Amino acid sequence: MILVTGGTGFIGSHACLALAQAGHELLILDNLCNSRADVVDRLQRICGRRPLFVEGDVRDSAVLDEVFDRHRVTAVMHFAGLKAVGESVARPLEYYDNNVHGTLQLLAAMRRAEVRTFVFSSSATVYSDREGHVYRESSPRDATNPYGRGKLIVEDILADLHLAEPAWRIARLRYFNPVGAHESGLIGEDPRGVPNNLMPFVAQVAVGRREFLNVWGNDYPTPDGTGVRDYIHVVDLAEGHVAALDYLTREGGLLTVNLGAGRGHSVLEMIQAFEKASGRPVRYRIAERRAGDIAQFWADPSLAKMLLGWETKRGLDQMCADAWRWQQYCEGLS
Ligand code: NAD
Ligand code: UFG
């Protein structure tokens, strides 16, 4: 059985589907601070089996010990955490507590239970932007905010742990920009309040929930002046997790890989693709650059292909079509 922390969230719920499809039994642990319990019902509708669900916090050792005592967990995928960069600047203690202390509590409980296979949600945010815009796993790392620093700290803790106790099998997966939704349209990203990220905002403009999108700057040194990112369909990302788990089971060790598509799209390209997929206009205004943004980056995904035999299969049109199907379903949720 795989323990999926944060399994009712955006990426975790898609990972649950990919794991279930690969034949794994699942136990989700989530405190629902950024997701809804009925995601579990929808997972059951899609895959025909109901994952076990425990409402609880990864910082709570008693809950963790009970989970490990009661169930034969063989590996942990750790998605639980807070993820808003701006909020992390305003509330650093909450971010370090959830994302760093939470991970330490989880690792300690795993060690008590003698479970030593761990897959961690890292991020392209760990790369520093000094060395060009194609990020390889060996590229320099740096952090400019508490969210990113938390990812760096956990990456380093995991490397230290593996050095001290080589029996651990650990994957540090560096995600680029996950977007889209499951093709069923039943699960996806449903941010609370005003979305920080581009795609959910675009989808909310298309559906009429918001009037227009602010495009943060059109004077970057990119082909059309707007920011360029490596958008990855969340189902491709989820499949990357299954491939990483298979790799750890086969090879062991400490795995660090980019999960990205290996090419970038600009903000204006994303808007156009979404208009095409939805048949709706996406109104936008050009605004000042957003503090902390950089012009462009994308992954070198070749290591994941070589080690895991994994690469992305779904392009921009599918990302937008699936996000649009989900956005329409989302409007009907209370
Ligand atoms: P999400 O907010 O949709 O999912 C996170 C889930 O964790 C939520 O269901 C939330 O309720 C739960 N959670 C938060 N703190 C918890 C705690 N202390 N105990 C138990 N549950 C808790 O976010 P997501 O986009 O699915 O991100 C998952 C992971 O991937 C995060 O670690 C995030 O930092 C990382 N990541 C996300 C992106 C992205 O752009 N979405 C990019 C890179 C990395
Ligand atoms: N953008 C807009 N308007 C918006 C939102 C975004 O123009 O309302 C632009 C941004 O300026 C950027 C691009 O759209 O050029 C993508 O922005 P996102 O906020 O969607 O994504 P980021 O690349 O800034 O950051 C995301 C996550 C980080 C993660 C990073 C790399 O929020 O946590 O991807 O994986 F670290």
Side-chain angles (χ1 to χ4, degrees), residues 5-6 9-12 30-31 33-34 57-60 76-110 118-164 168 170-178 191-193 195-198 216 227 229-230 232 237 241 244 254-260 289-300:
T5 76
F10 173 44
I11 303 170
D30 201 301
N31 67 1
C33 71
N34 197 36
D57 197 298
V58 289
R59 293 164 293 183
D60 184 340
V76 177
M77 285 202 184
H78 181 39
F79 298 94
L82 305 177
K83 62 165 181 176
V85 172
E87 188 184 54
S88 80
V89 176
R91 303 173 64 203
L93 294 184
E94 283 85 347
Y95 270 69
Y96 289 121
D97 184 40
N98 240 285
N99 296 359
V100 179
H101 174 231
T103 306
L104 282 172
Q105 294 290 89
L106 179 58
L107 291 168
M110 285 177 68
F118 188 73
V119 177
F120 175 62
S121 301
S122 190
S123 168
T125 198
V126 299
Y127 291 118
S128 99
D129 62 353
R130 287 192 296 269
E131 299 275 320
H133 42 258
V134 184
Y135 293 145
R136 293 180 185 84
E137 289 78 1
S138 55
S139 297
R141 298 178 318 150
D142 198 4
T144 52
N145 55 67
Y147 170 75
R149 209 164 347 267
K151 292 292 179 196
L152 274 183
I153 292 169
V154 172
E155 280 205 353
D156 290 344
I157 289 171
L158 293 172
D160 288 341
L161 174 60
H162 185 261
L163 195 64
W168 282 80
I170 296 174
R172 306 185 298 181
L173 305 181
R174 294 180 180 156
Y175 311 160
F176 282 69
N177 288 52
R192 296 189 177 171
N196 295 306
N197 294 119
L198 178 67
W216 305 125
R229 295 289 183 276
D230 183 337
I232 170 172
L237 183 63
H241 286 69
L254 173 69
L255 170 74
T256 307
V257 287
N258 288 337
L259 295 181
R289 290 181 179 194
R290 182 170 68 178
D293 269 357
I294 59 175
Q296 54 185 345
F297 61 84
W298 52 86
D300 176 345

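Just so it is clear, the structure is predicted and the values come from calculations on it, not from any experiment.
Of all non-hydrogen atoms in I170 and L158, the two that sit nearest each other are CD1-O, 3.7 Å. For Q105 against V58, the heavy-atom pair with the smallest separation is CB-O, 3.5 Å. The two atoms that bring A299 and D230 nearest to each other are N-OD2, 3.0 Å, heavy atoms only. Nearest heavy-atom pair across L106 and F118 is CD2-CE1, 3.7 Å. When every heavy atom of G102 is checked against every heavy atom of R59, the shortest pair comes out as CA-CG, 3.6 Å. Summarising the geometry of N145 relative to S88, their closest heavy-atom pair is OD1-OG, 4.0 Å, with the distance given to 0.1 Å.
Judged as a side-chain hydrogen bond (donor to acceptor under 3.5 Å, both in side chains), and not counting sequence neighbours, the contacts of R149 are Y96. Residues passing the side-chain hydrogen bond (donor to acceptor under 3.5 Å, both in side chains) test with D60: none are found, sequence neighbours excluded.
To the nearest 0.5 Å, the span separating CZ on F297 from CZ on F176 amounts to 6.5 Å. Taken from CD in E155 to OG in S123, the straight-line distance is 9.0 Å, to the nearest 0.5 Å. With values rounded to the nearest 0.5 angstrom, D142 atom CG is found 7.0 Å from L152 atom CG. Here the CG-CE distance, from L161 to M110, works out to 9.0 Å after rounding to the nearest 0.5 Å.
A donor-acceptor pair is defined here as one N or O able to donate and one able to accept, closer than 3.5 Å; no such pair exists between the side chain of N258 and the backbone of G260.
Side-chain N/O atoms of Y127 and H133 include no donor and acceptor closer than 3.5 Å. Of the N and O atoms on the side chains of T256 and E137, not one donor lies less than 3.5 Å from an acceptor on the other residue. At a cut-off of 3.5 Å, with distance as the only test, no side-chain donor of H78 or S121 sits close to an acceptor on the other residue. There is a side-chain donor-acceptor pair under 3.5 Å between E87 and Y95.
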_Applying side chain to side chain contact (heavy atoms under 4.5 Å, CB included) to F120 and M77, what does each step give before you reach the verdict?_
CA-CA 6 Å; F120 175 62; M77 285 202 184; over 6 Å; no

*Residue pair V76, V119: steps toward the side chain to side chain contact (heavy atoms under 4.5 Å, CB included) verdict*: CA-CA 6 Å; V76 177; V119 177; over 6 Å; no

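Proximity of P191 to N197: side-chain heavy atoms (C-beta onward) are nowhere separated by under 4.5 Å. Between L173 and L237, every side-chain heavy-atom pair lies at or beyond the 4.5 Å cut-off. Y175 has its side chain out of reach of I232: every pair of non-hydrogen atoms, C-beta onward, lies at least 4.5 Å apart. Residues T125 and R174 are not in side-chain contact: their nearest non-hydrogen atoms beyond the backbone lie 4.5 Å or more apart. L82 places a side-chain heavy atom less than 4.5 Å from the side chain of N99. Within the 4.5 Å cutoff, the side chain of S139 has no heavy atoms near those of the V134 side chain. No side-chain heavy atom of Y135 sits under 4.5 Å from any side-chain heavy atom of R141. The shortest distance between side-chain heavy atoms of I157 and L107 falls below 4.5 Å.
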